[in-house]
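Ligands are counted one by one from 1 in listed order, and the atoms in each one are counted from 1 as well. Side chains are part of it too, since the values below use all heavy atoms of this structure and drop only hydrogens, waters and symmetry mates.
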Amino acid sequence: MLRQRALLVLLLVLAGCSPTAVDNSAGGDSSKANPALWPKAESPAALTSKETEAAIDLLLEKMTLEQKVGQLIQADISSIKPSDLQQYPLGSILAGGNSGPYGNERASAAKWAELVGEFREVSRNSGAGIPILFGVDAVHGHSNLPGATIFPHNIGLGAANDPVMIRRIGEATAAEISGSGIEWTFAPTLAVPQDLRWGRSYEGYAADPTLVAKYATAMTLGLQGKLESGKVLDAKKVAATAKHFLADGGTADGRDQGDARISEKELIEKHAQGYPAAIDAGALSVMVSFSSWNGAKHHGNKSLVTDVLKGRMGFAGLVVGDWNGHGQVPGCSAGACPDAINAGLDLFMAPDSWKKVYDSTLAAARDGTIAAARIDDAVRRILRVKFKLGLMGDTLTQRGDPALIGTADHLELAREAVAKSLVLLKNNDGVLPIRKGANVLIAGPGADNMAMQAGGWTISWQGTDTKPEDFPNGQTIGRAISDAVRTSGGIATISADGRFEAKPEVAVVVVGERPYAEFEGDAPDLAYRTSPADEELIARLKSQGIRVVVVFLSGRPMFTGKLINQADAFVAAWLPGTQGNG
Ligand code: GLC
C-alpha cells in the first residue's frame, strides 16, 4: 500500500501538481474558509432546551464579569488546588497526560472521584456556585487508570472496520470514566492521517474520511448516548470531544502541530468529514487543533472556528483549545490571547497559565477587546454542557461507581477488538494457525512487554514508564499465547532473547516500535529498522528449521523490508492495548 502511495506521489510531482499544492485559484486569502463550500450539520435541538436557556439567561444576569471570564478557563490539576477556585472562579479542570490525583499517576478510581469531588464542591459553594467541568484523555479506554480496560489504539480499531463495535467500545469507555467520577473525555480523535511520519498517526482511525465519519457517529453515541430533550445524560455517559479541529493529520511532512498546506477543497473532503457526523450525533465539545491551515493557526482562525464550525455546521456545544495552543497564535502568548476567544474559542486549555489568562482575559473584557456578547456566548455554551451533564441545580448526577471499571464484559469486548484489529499480511505454508499441542517459543522485545503493546497515552503521557502491576486485568502477548498453548496440551516458552530447552516447532517473534505520544513520535521516514539483535534472533531460529511468525507492534504501517521477507508469517498488530488474549 505504501509503495503505491510513494509511486502516486512521484507521479503527481512529475505531473507538476505537488501533493501539497496550495489552491490560490480564488486569489483570496488561502487560510480564510468559505463556509458555503462546507458540509452543513446541526447540533441536535436536544443539546439544550428552553428551560436550560432560560436558566442560563438568569445566571448570566447574576454573574459578575470576573465569574464569566473564569468560566472560560481550564486549569490542569498539577497546577491548581481546589481552594484556588475561591479566588479564581474557573469553569473547568483537566488532568493532562502526565497528571494524576494528588500527584499520583497510578491513583485508584476512588482517588480520582475524590479529587473531582473536591474541585466540584469548592466551585459549587463559591462565587456564582457553578460547578467545574472535569476532563481527561480517555483515548483508548480510560487509559489513565490502572485496572481500566485499555482497548487497541484507534488505528487498530480502524483496521477492524466495525462501527457497531466502536459504539460498544464508547459505551464501555464512558462507563469506566464515569466509574472514576469524571464526566468528560477528550475523545474521539477524528484525524485523517495522510503522512504516517506523524507521531499521532495511531490516534486516527483511518486515512479514509468515510470510515472516520462512520466512527465519529458511533463513538460519539457510545460515549454520550443519544441526546434526549429535557433529559440529562445517563450517569454512565460522558461528554465527547471531536478533536482536533481540523486537519491535524494533514500537516506537511506529518509534522505534529505543523501546517496543512492544502486547498480548501482538500481540507473539506479529506479532513472535515468527521465533524458533521459528530455534531449531528450530539457531540458536546470540539477541541481546536494546535496545527494551522496555509500558515494560519487554527486557534486564531475565525473563519473556521466560528463561521464554519458554529455557523455552517451549527455546533451548539463548547469549543475548547488544546494545551496552551492559543499561545501559538501570532501576537499571543500562553498567558494572553483575546484573539482566540474572538475567533470562537470558548474555553482556554490553560493548564499552568490559567492565572495569567484569567487576568489578561478579564482586562480584555473590561476594555472591550472582547465584546460582552462573545463572553456571554462562550459562557452559555459552557453552561449548556454542564446542564446536559447533570452538573447544575440541586440534583447533581452521581458518577463514581468503581464497579463499572474493568468488568468482564468490557475485557471481553477489548479482546474482540484486538482480534478484529489484526492484519495478516503473510502466512506461508499455513504456518498459522498453530496446531494444538505444539511446542511454541514466544520471543523478541515485545514478547512480554505491556508498554510496547499498549503504546502512548497509557497510565502516563508517553506510556514508557509502566510496570506489569499497572495492568491487573491485562496479559502480554507472550503470556496469553503461552496460556493458550499450555491449555491445548502444548509446550510454551517465553524468552525475549529466544532461548529454549526443547526445540520449538514455531516461534512467535514480537517486535516493533517503542511507545510514543504526539510529537515524540514524529519520524523522518517510515523505514522500520530491525535491531541487529532481532535480526540475528530470527536468522538463528530459521537456521534451526524453526518457522517464524512475526507479530509487528507499531503506531503506523511501516516499510519492514527484510523482516517481512524473513518471516514465514507476518501479523500487523498495531497497538492492541492490554488484552493480549485477543
Ligand atoms: C495534548 C493533546 C490533546 C489532549 C490535551 C490534554 O497536548 O494535543 O489531544 O487532549 O493536550 O491532554
Margin query: A cation-pi test, strictly: NZ or CZ of Lys111 under 6.0 Å from the centre of the six-membered ring of Tyr102 and no more than 45 degrees from its axis. Yes or no?
Written below: yes
Notebook entry, point to check: Just how far is it from atom CG of Leu391 to atom CG of Leu383, taken to the nearest 0.5 Å?
Noted result: 10.5 Å
Notebook entry, point to check: Heavy atom under 4.0 Å from ligand 1: found in Arg200's side chain, backbone, both, or neither?
Noted result: side chain
Note to self: Are Phe290 and Phe519 an aromatic pair, judged by ring center distance below 6.0 Å?
What the structure shows: no
Per-atom contacts, ligand 1 versus [X] - under 4.0 Å to a heavy atom:
| X | answer |
| --- | --- |
| His244 | 3 (C), 8 (O), 9 (O) |
| Phe290 | 7 (O), 8 (O) |
| Phe186 | 10 (O) |
| Lys243 | 3 (C), 4 (C), 9 (O), 10 (O) |
| Met287 | 10 (O) |
| Asp137 | 4 (C), 6 (C), 10 (O), 12 (O) |

Notebook entry, point to check: Taking distance alone, with no angle check, do Glu518 and ligand 1 share an N/O pair under 3.5 Å?
Noted result: yes
Item checked: Counterpart residues, ring pair (Phe, Tyr, Trp, His ring centres under 6.0 Å), relative to Phe186 (two or more places apart) -> Trp184
Item checked: Least distance between heavy atoms, Ile459 atom then Leu145 atom -> CD1-C, 3.9 Å
Note to self: Applying salt bridge (Lys or Arg N to Asp or Glu O under 4.0 Å) as the test, list every pair that has at least one member in residues 131-140; sequence neighbours left out.
What the structure shows: Asp137-Lys243
Next item on the list: Starting from atom 11 (O) of ligand 1, locate the nearest protein heavy atom and write down its residue, its atom name and how far away it is, to 0.1 Å.
Entry: Asp322 OD1, 3.1 Å
